2 protein chains.
Amino acid sequence: MSKRIPHRLYLSEEQMPKQWYNLRADMKEQPDPMLNPGTMKPVTEADLYPVFCEKLAKQEMDSSNRYIDIPEEIQDFYKMYRPSPLIRAYNLEKALGTPAKIYYKFEGNNTSGSHKLNSAIAQAYYAKDQGLSGLTTETGAGQWGTALAEACAYYNLPLTVYMVKCSYEQKPFRKTVMKTFNAEIFPSPSTTTNAGNAILEKNPDTTGSLGCAISEAIEKAVTTPGYRYVLGSVLNQVLLHQSIIGLESKLAMEILDEYPDIIVGCAGGGSNLGGLIAPFMQDKLLGKADPRIIAVEPASCPSFTRGKYAYDFCDTGKVTPLARMYTLGSGFIPSANHAGGLRYHGMSPILSKLYHDGYMEAVAVEQTKVFEAAVFFAKQETILPAPESAHAIRTAIDEALKCKVSGESKTILFGLTGTGYFDMTAYNAYLEKTMNDYIPSDEDLQKGFDGLPSIPGIQ
Amino acid sequence: MSKRIPHRLYLSEEQMPKQWYNLRADMKEQPDPMLNPGTMKPVTEADLYPVFCEKLAKQEMDSSNRYIDIPEEIQDFYKMYRPSPLIRAYNLEKALGTPAKIYYKFEGNNTSGSHKLNSAIAQAYYAKDQGLSGLTTETGAGQWGTALAEACAYYNLPLTVYMVKCSYEQKPFRKTVMKTFNAEIFPSPSTTTNAGNAILEKNPDTTGSLGCAISEAIEKAVTTPGYRYVLGSVLNQVLLHQSIIGLESKLAMEILDEYPDIIVGCAGGGSNLGGLIAPFMQDKLLGKADPRIIAVEPASCPSFTRGKYAYDFCDTGKVTPLARMYTLGSGFIPSANHAGGLRYHGMSPILSKLYHDGYMEAVAVEQTKVFEAAVFFAKQETILPAPESAHAIRTAIDEALKCKVSGESKTILFGLTGTGYFDMTAYNAYLEKTMNDYIPSDEDLQKGFDGLPSIPGIQ
């Protein structure tokens, strides 16, 4: 075991990125534009103002500025919990007996427990800067809601969270954390919005979905004076903010004189994956390097591997613009026995385009295999991963085991997005062997595809 | 706000301590020796072998070696989650409007969620090194049990944990984490030991206590071939291992050209406090510096501030040696509405002696005040503290506010021992205003004192 490379590398405060990286500026072909579902015309920046605050709407539409300055206040906040460590998984390598070198970027060392805080604080800052009265959002497993509550509490900004009902009921402690940070929380679908009431009328027993909670949060935002809506994934602006993960990782690897052959990230809406891979994808787009980039998604919600690349709504209530992305249909609801996040029906349009154009690969993994990897990893590396993050661990381990067979000493980098402290019910189900794998049938998926919008001349 | 000092300082791997510091080597007067309760003679190292593994028994008795080498394997494990950051609480200072400079050493960035791992990995290592078959221990709030489970899983060492019954029932997720790391867990008192059965016979409805769980864990260890018992606090060996907290803190402050005027640590059995203050207390003992050192304990379990400095058993079943320490009596059970740890009836004999000799101060704080500080801190510094740690936060804030009145720019260092992820029930009680403060009456305490052993010629 070489000792030259430390177990953990922390950049110094001076080395921390002062700009986010906007991947779109280097894409040869841009993602297809979002469409206004009323006119079927591309959405303009001004179209977004009722929903997003202005500077975020601008970031959402910006495909030309390669680097965007991180406001000093956000830099200061980042310094409270960043840089996150780049960790060499010496013990995992040893336990696997692999010649591969495994690195991971650990984003769980903040109270929100995940990378979500990177974008939450940016979005809360811009909202405060615009003088808004409050924000609304949705949360599924709770990581995003927790991060945003934390960010809003820092700026004394009221926050209303619509939490997917099955999570709301199964994760009372997530609620308490958000309440500690002053947030108001409703289970979604709720009776506080027309969208929620409509969904409840059709399906009173629904356990909810992210798409449904998004509809409620948007409605609440546009009907409350001075409020705007924020989202923790999928959007271009979120990938921009999350680029700090990749920028720090790349700089840390440069300091170690390393470059990844394989980069692995879990993928739900794409916030972590997009952030982690951003500067490496830049190298790939510019022909400077050619790492393999692998998105890992749950077999129970396989938008990349089994979804369609099509225009779709971002929510169940069909109030959002249409985005072209890999999607299972906005009515798709993952099985309730799927643990953790990564349950969104769609995928970041940027990542969808890159995947469609062959710049990255995707694999779908079953959740018992994911938890097997999580427990193995926890015992070696003493970090209990979030189920979401464990998808990346599963694939990183699989790739390291391939190296064991081939004898290749590849360098693998994966994103460890967060901790599993709030996911102990799922861990318990795994340990008690009551967890099972659910893979939707082709017929199940077809129902979601049948709901895709028809767009004359386009799809 | 001076920006010269970074928000977070991480030592490099090379700067990490390679030796623990043994505070006893610099104490002018030693703590009184432990006594064998059968003979009332001082305990010898060999007396401890049936209970502790040999190298730990040696460390327990060693008052002459100032520095003890940290075995390389333990150093390697430390590198997986250490160094822990020394954090400048810029936002807390700003929110308080204090001229004081506040630093904290954050030990929560590992899966066990607390500083307990520092000693757990050492104790598991020595047990493995001696070829033992397994370990037993007790845990109250669950931090120690989690840390030890993690350490034992790393060495494939079986572990049996006796968990104080009220915690066992209130914190199912702590159980799951420990099970994830292979531990076997019983609620204490249990029917698996004579000690447990005897306690249950007298008091079938007891919610358990640390003292009672210790009795069970020791009995299980001495009656199982190849097993030994380990403890996460109170003992000299534990303070030795935890000295890494203070050594890192002091070196980091030196790098920043700082020295604390006030050092604040929460105190249950003394593991964190003893570790944090160790090298600063050395300066004090050697006349090199004179910082104020403040132990903070719960008003509901006030061993320093209202206990007696007397020989007492370390457990309820009265099977341990007698130690001279500040104690509320081994039969004392804190009110069940006391949240979190810090519920031990006694206190580290080393710290007891130093307190008795006037080298440190102690304050007792009520839990609603503690949670008020915890929530305030979380909003400013984005770390959700464990209730235990929040005792230190309370007093650090109080001292910073005194500086605001006096206009003094004192440097305050406190120990943030862990995170509150597993304490959300208590946070919820605080937020819902169902938490109340319990302060034992003099009569309550007298009952505990009445149970102190009588030792002819000594007490």
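Since we're looking at a predicted model, the values are computed, not measured. Letters go in sequence order (proteins before strands), and every chain restarts at 1.
A distance of 10.0 Å separates CG of B:L9 from OG of A:S12, quoted to the nearest 0.5 Å. Rounding to the nearest 0.5 Å places NZ of B:K79 at 11.5 Å from CG of A:N91. One finds the NE2 atom of A:H7 at 14.0 Å from the CZ atom of B:R82 (value rounded to the nearest 0.5 Å). Note that the CG atom of B:N110 and the CG atom of A:L384 stand 11.5 Å from one another [nearest 0.5 Å]. In this structure, the separation between CD1 on A:I383 and CG on B:N109 is 9.0 Å, given to the nearest 0.5 Å.
With a 4.5 angstrom heavy-atom cutoff, A:Y10 touches chain B only via side-chain atoms. Heavy-atom distances place the side chain of B:F77, and not its backbone, under 4.5 Å from chain A.
If you look at A:F173 and B:Y427, their ring centroids are not closer than 6.0 Å.
Within 6.0 Å of CD in A:E72 there are 12 or fewer heavy atoms belonging to other residues, nucleotides or ligands. Counting heavy atoms of neighbouring residues, nucleotides and ligands inside a 6.0 Å radius, atom NZ of A:K369 does not exceed 12 of them.
With chain A as partner, the option from B:M424, B:E432, B:E381 having the largest number of non-hydrogen pairs under 4.5 angstrom is B:M424. Contacts with chain A were tallied for B:N182, B:L117, B:V375, B:I87; B:N182 has the most, counting heavy-atom pairs under 4.5 Å. Across A:F181, A:F106, A:Y430, the residue that shares the most heavy-atom pairs under 4.5 angstrom with chain B is A:F181.
No side-chain heavy atom of A:D76 sits under 4.5 Å from any side-chain heavy atom of B:Y90. Proximity of B:T176 to A:L431: side-chain heavy atoms (C-beta onward) are separated by under 4.5 Å at one or more points.
Residues B:E150 and A:K379 are not paired through a salt bridge, judged by the lack of any N-O separation under 4.0 Å between the basic side chain and the carboxylate.
A:T111 contributes a side-chain N or O that, together with a main-chain N or O of B:T382, makes up a donor-acceptor pair within less than 3.5 Å. Side chain of B:R8 to backbone of A:M80: a donor-acceptor contact under 3.5 angstrom is found.
Ring orientation note: the planes of A:F422 and B:Y421 are nearly perpendicular, at an angle over 60° on the 30°/60° scale.
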